[in-house]
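A quick note: this is a predicted structure, and the numbers were derived from the prediction, not measured. All chains are named by letter (A, B, ...) in the order of the sequence lines, taking the proteins before the strands, and each is independently numbered beginning at 1.
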Protein chains: 2
Amino acid sequence: MRKRTIEDYVELLYDLQKNKKPVHTNDIASVLNINPASVTEIFQKLNNDGYINYEKYGGATLTQKGEKIAIATKKKHDTLKKFLKILGVDEKIADMDACKIEHVVDPMTMEKLTKFVEFVQRFKGGPRWLDHFKYFYETGKYIECTLIDTAKCPFHRHKSQ
Amino acid sequence: MRKRTIEDYVELLYDLQKNKKPVHTNDIASVLNINPASVTEIFQKLNNDGYINYEKYGGATLTQKGEKIAIATKKKHDTLKKFLKILGVDEKIADMDACKIEHVVDPMTMEKLTKFVEFVQRFKGGPRWLDHFKYFYETGKYIECTLIDTAKCPFHRHKSQ
DNA sequence: ACTAATTTTTAGGTATGCCTAAATTATATT
DNA sequence: AATATAATTTAGGCATACCTAAAAATTAGT
């Protein structure tokens, strides 16, 4: 498996915290299928770096700093996944790819993708060009334009219409 | 820096090979700003795993297996970069992000992105909805539809027109 | 409250991907 | 061809992210 990042851990901590706080080494270990002893080391490091509050045998809770990163990372994940699903990537793969890409992507790219998702979701059922893309993806053919009025505009299948 | 993958090395080898073959440890070391001694180790590993032909003091050349991966990786890189540029990401950032994403992305996602880039590039100057997206990105506003005929169809600003 | 079972930590180990310093080989100059 | 210089490899080191086994602390059953 790819080297796990701080982001991975605070994200997971954030999710587990919702059910039970504080989160113990075993909770993480069982989810990630790693040894509890390894989690202890990770907790010590995250604690040192100010992402969690951790005391021996006491489990961990995210600090503000940690929570901030967790939320930001989850937001990135969510946007990436939404974007990939728009493109037609399967749920599971979208989720896995989002999980990997979220740790490496530049803020500018995230901003563009965020706006793109917003732009697409503005149209109920997606904009018409997206249907055309899907048709193209399946068949390799481009749909010829047959429109004559606004109502059929392939761009403006607009929520407010 | 992120851990470099086999893909990184064969890709670089592929590029350097074009100028001068075989590629020596120093060539790689100076590009990546790492120690030549480290490159020796990497060459030994790549040689063991069949990606390059390497002999002590003799430099390295890609095997077929290595070249195949290099080409596939470069193709992924190219598609990712094109896609990001379509979205409006700056050249440099597009390049850097492509370089990171290419190593983690699922084949299915690559396929969707490849088709998407093809789909967009089919229109000279890009499809009209892309202008609309850029407008939306800049202003936060959606352009209202004012079309009445095919010629102005925002989707079909078609190369063959 | 005592003992058993469970959880957690400590101590020590492995593989990887880099490093530096020193040794070795190859190349260039004369 | 001998020697100086440059390139390359070897040997040994460091940090990280995991591991196992054993010790220590906590929790649960009676």
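Residues from residues 35-49 of chain B lying near DNA chain C, meaning a heavy-atom separation below 4.0 Å, are B:N35, B:A37, B:S38, B:E41, B:I42, B:K45 in numerical order. Within residues 2-31 of chain A, the residues having any heavy atom under 4.0 Å from DNA chain C are, by residue number, A:H24, A:T25, A:N26. Residues of residues 96-104 of chain B that place a heavy atom closer than 4.0 Å to DNA chain C do not occur.
Residue pairs meeting the salt bridge (charged side-chain N to carboxylate O under 4.0 Å, His left out) criterion with at least one partner in residues 23-35 of chain A, sequence neighbours excluded, are A:K20-A:D27. Sorted by first then second residue, the side-chain hydrogen bond (donor to acceptor under 3.5 Å, both in side chains) pairs that include residues 82-93 of chain A, not counting sequence neighbours, are A:D78-A:K82, A:K81-A:E91, A:K85-A:E91.
In summary, A:K65 and A:D49 do not engage in a salt bridge, as defined by a charged side-chain N under 4.0 Å from a carboxylate O. Taking a cutoff of 4.0 Å between a charged side-chain nitrogen and a carboxylate oxygen, B:K100 and A:D106 do not qualify as a salt bridge.
Checked against side-chain hydrogen bond (donor to acceptor under 3.5 Å, both in side chains), A:Y14 has no partners two or more places apart in sequence or in another chain. Residues meeting the side-chain hydrogen bond (donor to acceptor under 3.5 Å, both in side chains) test with A:H24, sequence neighbours left out: none. Residues passing the side chain to side chain contact (heavy atoms under 4.5 Å, CB included) test with A:S38, sequence neighbours excluded: A:I34, A:N35. A:T109 meets the side-chain hydrogen bond (donor to acceptor under 3.5 Å, both in side chains) test with B:D97; sequence neighbours excluded.
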Side-chain atoms of residues 39-46 of chain B: list all donor-acceptor pairs with protein atoms under 3.5 Å, sequence neighbours left out, distances to 0.1 Å.
from: B:T40; atom 1: OG1; to: B:P36; atom 2: O; distance (Å): 3.3

So which protein N/O to nucleotides 22-29 of chain D N/O distances come out below 3.5 Å?
from: D:dA25; atom 1: O4'; to: A:Y57; atom 2: OH; distance (Å): 3.3

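Of the inter-residue distances, the one linking A:Y51 atom OH with A:E7 atom CD reads 9.0 Å to the nearest 0.5 angstrom.
When the shell of 6.0 Å around NZ of A:K18 is examined, it contains more than 12 heavy atoms from other residues, nucleotides or ligands.
B:R122 has its side chain out of reach of A:F136: every pair of non-hydrogen atoms, C-beta onward, lies at least 4.5 Å apart. Counting heavy atoms from C-beta outward, A:Y142 and B:F119 have side chains that approach closer than 4.5 Å.
The two residues A:G59 and A:Y54 have their closest heavy-atom pair at O-CD1, 3.4 Å.
Note that the first and last nucleotides of DNA chain C, 5' to 3', having any atom under 4.0 angstrom from a heavy atom of chain A are C:dT7 to C:dG12.
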message = Determine whether A:I69 and A:E11 satisfy the following criterion, side chain to side chain contact (heavy atoms under 4.5 Å, CB included), listing intermediate values before the conclusion.
response = CA-CA 8 Å; A:I69 290 173; A:E11 211 179 344; over 6 Å; no
